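Below: one structure, written as structure tokens.
This is a predicted model, so every value here is computed, not measured.
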Amino acid sequence: MSQSTPKRFSMIREFHLADWFTLGNAVCGVGALFSSMTFLETGEVRHVYFACALVLAALIFDVLDGRIARWRQKSSAMGRELDSLADVISFGVAPAIIAYACGMQGLYDRIVLAYFVACGVSRLARYNVTAETLSEGSGKVKYFEGTPIPTSIVLVALLALAASLGAVREHLWFGSVALGGFTLHPLVLLFALSGSLMISRIRIPKF
């Protein structure tokens with residue numbers, strides 16, 4: 001018996017329309033990383049705006065992919081995994097790197113930003129594992145446990161505002177504190193708060 005030859009790009013052929021929007025989310029997140037690195041190199045504040053705008057664009061793609069999946073009534077395990085991976089880039093790694101580029105570069109800042117990303121990853125993993133239980137057999141998740149990772153858009157908006165007012169790098173709001181010979185920028189504690197809320201047991205209705 002002859003085995004059928006797999007079609008080229010067979011994985012891409014299996015993508016639903018919503019999955020392409022999810023990939024758009026990921027691409028915007030990567031673009032935000034590039035813009036942040038360009039700001040580090042050039043110091044031109046417009047690249048902070050570009051980075052923040054790309055995270056906003058990623059959020060729009062994230063909202064649209066869910067709505068399209070519900071509209072077409074087509075979803076898959078691959079789609080759920082794609083969504084989580086894209087969200088890690090756009091709403092976890094990208095905001096942390098934007099914060100770093102804006103001046104939160106002390107040792108304690110790095111620890112807090114790494115904690116924030118780790119909380120986002122953990123939050124998404126927990127959601128993927130418990131989604132079936134949370135849906136209570138209805139097929140629709142009724143609430144989130146912990147704040148969703150896209151809520152980091154609030155932090156991104158705050159950084160965009162700071163950049164517009166010139167409050168970046170050595171001019172960061174609340175300045176810096178030296179602890180044990182290492183630097184902490186108090187503003188970074190907002191990332192610690194956001195990360196902690198993600199892994200909390202707070203129940204937030206899903207609409």
Side-chain angles (χ1 to χ4, degrees), residues 20-65 82-125 147-178 182-199:
W20 291 105
F21 280 80
T22 304
L23 289 176
N25 171 0
V27 169
C28 287
V30 173
L33 297 177
F34 291 155
S35 292
S36 299
M37 288 186 282
T38 303
F39 173 65
L40 281 171
E41 182 178 358
T42 66
E44 296 178 4
V45 74
R46 62 193 177 99
H47 294 291
V48 176
Y49 303 149
F50 294 156
C52 295
L54 283 165
V55 174
L56 176 60
L59 179 63
I60 294 171
F61 277 113
D62 189 47
V63 171
L64 288 176
D65 72 11
L82 276 176
D83 188 64
S84 292
L85 293 170
D87 284 357
V88 166
I89 298 170
S90 299
F91 310 118
V93 178
I97 296 303
I98 294 172
Y100 180 88
C102 285
M104 301 179 207
Q105 298 173 7
L107 174 63
Y108 298 118
D109 300 332
R110 299 181 193 198
I111 292 172
V112 170
L113 293 174
Y115 168 78
F116 166 78
V117 174
C119 287
V121 172
S122 301
R123 163 68 176 75
L124 290 166
T147 54
I149 191 171
T151 55
S152 64
I153 191 69
V154 175
L155 297 173
V156 171
L158 187 65
L159 292 173
L161 176 61
S164 71
L165 298 174
V168 293
R169 295 184 169 176
E170 65 272 14
H171 303 298
L172 269 175
W173 289 327
F174 310 118
S176 62
V177 179
F182 300 102
T183 302
L184 168 72
H185 291 88
L187 188 61
V188 81
L189 296 179
L190 290 177
F191 282 83
L193 175 62
S194 177
S196 297
L197 288 174
M198 287 181 199
I199 59 174

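Taking every heavy atom of both residues into account, Ala96 and Leu113 meet most closely at O-CD1, 3.6 Å. Here the closest non-hydrogen pair linking Pro186 and Val177 is CG-CG2, 4.0 Å. Across all non-hydrogen atoms, the minimal contact from Asn25 to Ala58 is OD1-CB, 3.4 Å. Of all heavy-atom pairs spanning Val30 and Ile89, the tightest one is N-CG2, 3.9 Å. The two residues Cys102 and Val48 make their nearest non-hydrogen contact at SG-CG1, 4.0 Å. Between Ser90 and Val55, the closest heavy-atom pair is O-CG1, 3.7 Å.
One distance of note links OG of Ser196 with CZ of Phe116; it measures 11.0 Å at 0.5 Å rounding. Note that CE of Met198 and CG of Leu193 are 10.0 Å apart. Values are rounded to the nearest 0.5 Å. For the atom pair CG (Leu184) and CG (Leu107), the distance works out to 10.0 Å, reported to the nearest 0.5 Å. A distance of 10.0 Å separates CG in Leu82 from CH2 in Trp20, rounded to the nearest 0.5 Å. The line from CD1 of Ile199 to OG1 of Thr147 is 9.5 Å long, rounded to the nearest 0.5 Å.
Side-chain atoms of Ser176 never come within 3.5 Å of backbone atoms of Thr183 as a donor-acceptor pair (strictly under, hydrogens ignored). Of the possible polar contacts, none joining the Ser194 side chain to the Leu190 backbone as a donor-acceptor pair under 3.5 Å is found.
Residues Asp65 and Phe61 fail the side-chain proximity criterion, which asks for heavy atoms closer than 4.5 Å. Under the 4.5 Å side-chain criterion, counting only non-hydrogen atoms from C-beta, Tyr115 is not in contact with Val188. Residues Ser36 and Leu40 form no side-chain contact, since every pair of their non-hydrogen atoms from C-beta on lies 4.5 Å or further apart.
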Pairs under 3.5 angstrom only: tabulate donor-acceptor contacts from the side chains of residues 149-172 to other protein residues two or more places apart or in another chain.
| from | atom 1 | to | atom 2 | distance (Å) |
| --- | --- | --- | --- | --- |
| Thr151 | OG1 | Pro148 | O | 2.6 |
| Ser152 | OG | Phe91 | O | 2.7 |
| Ser152 | OG | Ile149 | O | 3.1 |
| Ser164 | OG | Leu161 | O | 2.6 |
| Arg169 | NH2 | Phe39 | O | 3.0 |

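The ring-ring contact (aromatic ring centres under 6.0 Å, His included) test applied to His185 returns no partner, not counting sequence neighbours.
For residues 104-123, the set of pairs meeting the salt bridge (Lys or Arg N to Asp or Glu O under 4.0 Å) definition, not counting sequence neighbours, is empty.
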